[in-house]
Q: 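Okay, handing you the structure first.
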2 protein chains.
Amino acid sequence: MSNSKLYKGSLSIIILKLLTETHKMYGYEITQKVKELTQGELNITEGALYPALHKLEADGFLEVEMQRVDNRLRKYYKLTQAGNKEEVSRIEELERFIETIQGIVNPKPSLG
Amino acid sequence: MSNSKLYKGSLSIIILKLLTETHKMYGYEITQKVKELTQGELNITEGALYPALHKLEADGFLEVEMQRVDNRLRKYYKLTQAGNKEEVSRIEELERFIETIQGIVNPKPSLG
DNA sequence: TTTATATGCATAAGAAAATTATGTATTTTT
DNA sequence: AAAAATACATAATTTTCTTATGCATATAAA
């Protein structure tokens with residue numbers, strides 16, 4: 001994924017966010033999109049991606065639609081209604097996390 | 001630590017950062033400081049904290065100084081020279097992570 | 001033409017970093 | 001007297017990743 005361990009826990013949020021924007025995507029497409037968006041900084045490995053997709057599906061946040069293109073199989077994922085709600089709350093969670101961590105590493109000097 | 005899994009991987013950075021500011025701290029003090037800084041959002045558990053401190057020490061980033069206060073033992077930790085360097089690079093890593101993740105979840109709309 | 005790379009899925013073994021549950025001990029508050 | 005706070009620690013388990021492997025087709029390069 002990246003040499004940084006900080007990305008741990010963020011993969012499912014990334015997936016949910018991309019599917020909010022693009023409506024339906026398949027696994028390989030997600031890896032390429034993330035690589036592009038991050039200018040190569042973040043490379044999602046298959047070993048991380050596919051289990052994450054399967055879990056989101058099992059949790060009822062994604063639904064699948066198979067499609068054969070150029071004689072190769074693609075599994076298109078899209079958000080369910082529950083997935084849409086989940087995306088909103090997970091993004092809020094991420095914003096809160098970023099604020100919190102910045103409050104620690106970049107604390108406002110006390111005015112006393 | 002928090003109900004959010006996003007903090008996974010950030011504990012060692014938090015410790016290094018606090019010790020850059022406060023020079024020397026003991027474990028329990030770190031948990032209280034973090035709770036205060038985050039207004040209760042982040043509560044570091046002992047099961048996470050102590051192994052993290054031990055690892056940072058084993059890696060040569062922290063050194064220990066025992067002190068008995070009110071008949072209770074405290075292990076004060078402070079940064080080594082290597083720990084100081086590590087703090088700088090880990091903070092940079094965190095800033096990069098935040099930029100990258102924001103580039104994904106908050107993408108600039110293309111101007112086309 | 002054969003070989004490597006890209007596309008596309010998947011899982012298994014192992015590592016890393018947490019959680020949860022204990023355990024010990026002293027001090028302070030209720 | 002009992003509960004909560006202070007102060008350390010570790011063990012079992014869970015989660016989420018990495019690394020390695022496997023299968024299959026299409027395209028680019030040697």
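Within every chain, numbering begins at 1; the chains are lettered A, B, ... in the order of the sequence lines, protein sequences first and strands thereafter.
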Q: Checking E29(A) side chain against Y26(A) main chain: does a donor-acceptor pair fall under 3.5 Å?
A: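 It does hold such a pair.
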
Q: Reckon S2(A) touches a base, only the sugar-phosphate, or nothing at all at heavy-atom distances under 4.0 Å?
A: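 If one applies the 4.0 Å heavy-atom cut-off, S2(A) turns out to touch the sugar-phosphate alone, with no base involved.
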
Q: Salt bridge (Lys or Arg N to Asp or Glu O under 4.0 Å), that's the test. Do R96(A) and E99(A) meet it? Break it down for me.
A: CA-CA 5 Å; R96(A) 205 158 50 242; E99(A) 275 174 45; over 6 Å; no

Q: Give the rounded distance in Å between these two atoms: CG of L56(B) and P of dA17(C).
A: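 Taking CG of L56(B) and P of dA17(C), I get 10 Å after rounding.
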
Q: Under 4.0 Å between any heavy atoms, over every strand shown, what does G27(B) touch: base, sugar-phosphate, or nothing? Just pick one.
A: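 Touches sugar-phosphate only.
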
Q: Using OP1 and OP2 only, check whether a side-chain N or O of N71(A) sits under 4.0 Å from dA24(D).
A: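 Answer is no, no contact under 4.0 Å.
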
Q: Calculate the interatomic distance between L73(A) atom CG and dA6(C) atom P; express it in whole Å.
A: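 So the two atoms are 22 Å apart, to the nearest Å.
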
Q: For residues 14-24 of chain A, which side-chain N or O atoms pair as donor and acceptor with protein atoms under 3.5 Å away, sequence neighbours left out?
A:
residue, atom, partner, partner atom, Å
K17(A), NZ, V105(B), O, 3.1
T20(A), OG1, L16(A), O, 2.9
K24(A), NZ, E65(A), OE2, 3.4

Q: What residues from residues 9-24 of chain B pass a heavy-atom cutoff of under 4.0 Å to DNA chain D?
A: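 DNA chain D contact set from residues 9-24 of chain B: none.
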
Q: For dT10(D), does OP1 or OP2 lie under 4.0 Å from any side-chain N or O of H54(B)?
A: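 Checking H54(B) against dT10(D): at least one side-chain N or O falls below 4.0 Å of OP1 or OP2.
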
Q: Respond yes when some side-chain nitrogen or oxygen of Y26(B) is under 4.0 Å from OP1 or OP2 of dC8(D), and no when none is.
A: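 No, no such contact exists.
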
Q: Within this structure, what is the OH-CD1 distance for the pair Y50(A) and I44(A), rounded to the nearest 0.5 Å?
A: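 Here the rounded value is 10.5 Å.
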
Q: Among E86(A), K85(A), E63(A), E57(A), which residue meets the side chain to side chain contact (heavy atoms under 4.5 Å, CB included) test with T80(A)?
A: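 Output: one option passes, namely E63(A).
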
Q: Rounded to the nearest angstrom, tell me the gap between atom CD1 in I44(B) and atom C1' in dT20(C).
A: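 Computing the I44(B):CD1 to dT20(C):C1' distance gives 17 Å.
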
Q: Nearest whole angstrom, please: distance from the C1' of dC9(C) to the CD of E29(A).
A: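 Checked: the CD to C1' distance equals 15 Å.
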
Q: Can you confirm whether T100(A) sits close enough to Y7(B) that some side-chain heavy atom of one is under 4.5 Å from a side-chain heavy atom of the other?
A: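 Yes. Closest side-chain heavy atoms under 4.5 Å.
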
Q: For the side chain of Y50(A), starting at C-beta, report the closest nucleotide among dC9(C), dA18(C), dA7(D).
A: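 From the listed options, dC9(C) comes nearest.
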
Q: Map P51(A) and L53(B) onto DNA chain D by nearest heavy atom, then report which one ends up closer to the 5' terminus.
A: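 Its nucleotide being nearer the 5' end, the pick is L53(B).
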
Q: Taking for each residue the nucleotide of DNA chain C with the nearest heavy atom, is it G47(A) or N43(B) whose nucleotide lies nearer the 5' end?
A: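 By nearest-heavy-atom nucleotide position, the 5'-most residue is G47(A).
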
Q: Atom CG of L49(A) and atom C1' of dT19(D): how far apart are they, to the nearest Å?
A: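 These atoms are roughly 16 Å apart.
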
Q: Of E46(A) and K8(A), whose closest DNA chain C nucleotide lies nearer the 5' terminus?
A: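 Closest to the 5' end, via its nearest nucleotide, is E46(A).
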
Q: Take the protein atom CG of D70(A) and the nucleotide atom P of dG8(C), then report the distance between them rounded to whole Å.
A: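 Atom CG in D70(A) sits about 8 Å away from atom P in dG8(C).
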
Q: Which of these nucleotides, dT19(C), dA10(C), dA17(C), is closest to any side-chain atom of T45(B)?
A: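 Comparing dT19(C), dA10(C), dA17(C) against the side chain of T45(B), the answer is dT19(C).
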
Q: Could you state the CE-P distance from M66(A) to dG8(C), rounded to the nearest angstrom?
A: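 Computing the M66(A):CE to dG8(C):P distance gives 13 Å.
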
Q: Touch check for R72(B), heavy atoms < 4.0 angstrom, all strands: base, sugar-phosphate only, or nothing?
A: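 Base, at least one base heavy atom under 4.0 Å.
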
Q: Please report, rounded to the nearest Å, how far the P atom of dC9(C) is from the CE atom of M25(A).
A: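 It works out to 11 Å between those atoms.
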
Q: Roughly how far, to the nearest 0.5 Å, is CD1 of I101(A) from CG of L42(B)?
A: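 The CD1 atom of I101(A) is 7.0 Å from CG of L42(B), to the nearest 0.5 Å.
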
Q: Ignoring backbone atoms, establish whether K75(A) has a side-chain N or O less than 4.0 Å from OP1 or OP2 of dA10(C).
A: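 Answer yes for this pair, as a side-chain N or O of K75(A) is under 4.0 Å from OP1 or OP2.
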
Q: Within the structure, does a side-chain N or O atom of K5(B) lie under 4.0 Å from either OP1 or OP2 of dA18(C)?
A: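 Checking K5(B) against dA18(C): no side-chain N or O falls below 4.0 Å of OP1 or OP2.
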
Q: Using 0.5 Å steps for rounding, measure from the CG atom of L62(A) to the CG atom of L56(A).
A: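 Spacing of CG (L62(A)) from CG (L56(A)) equals 4.5 Å.
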
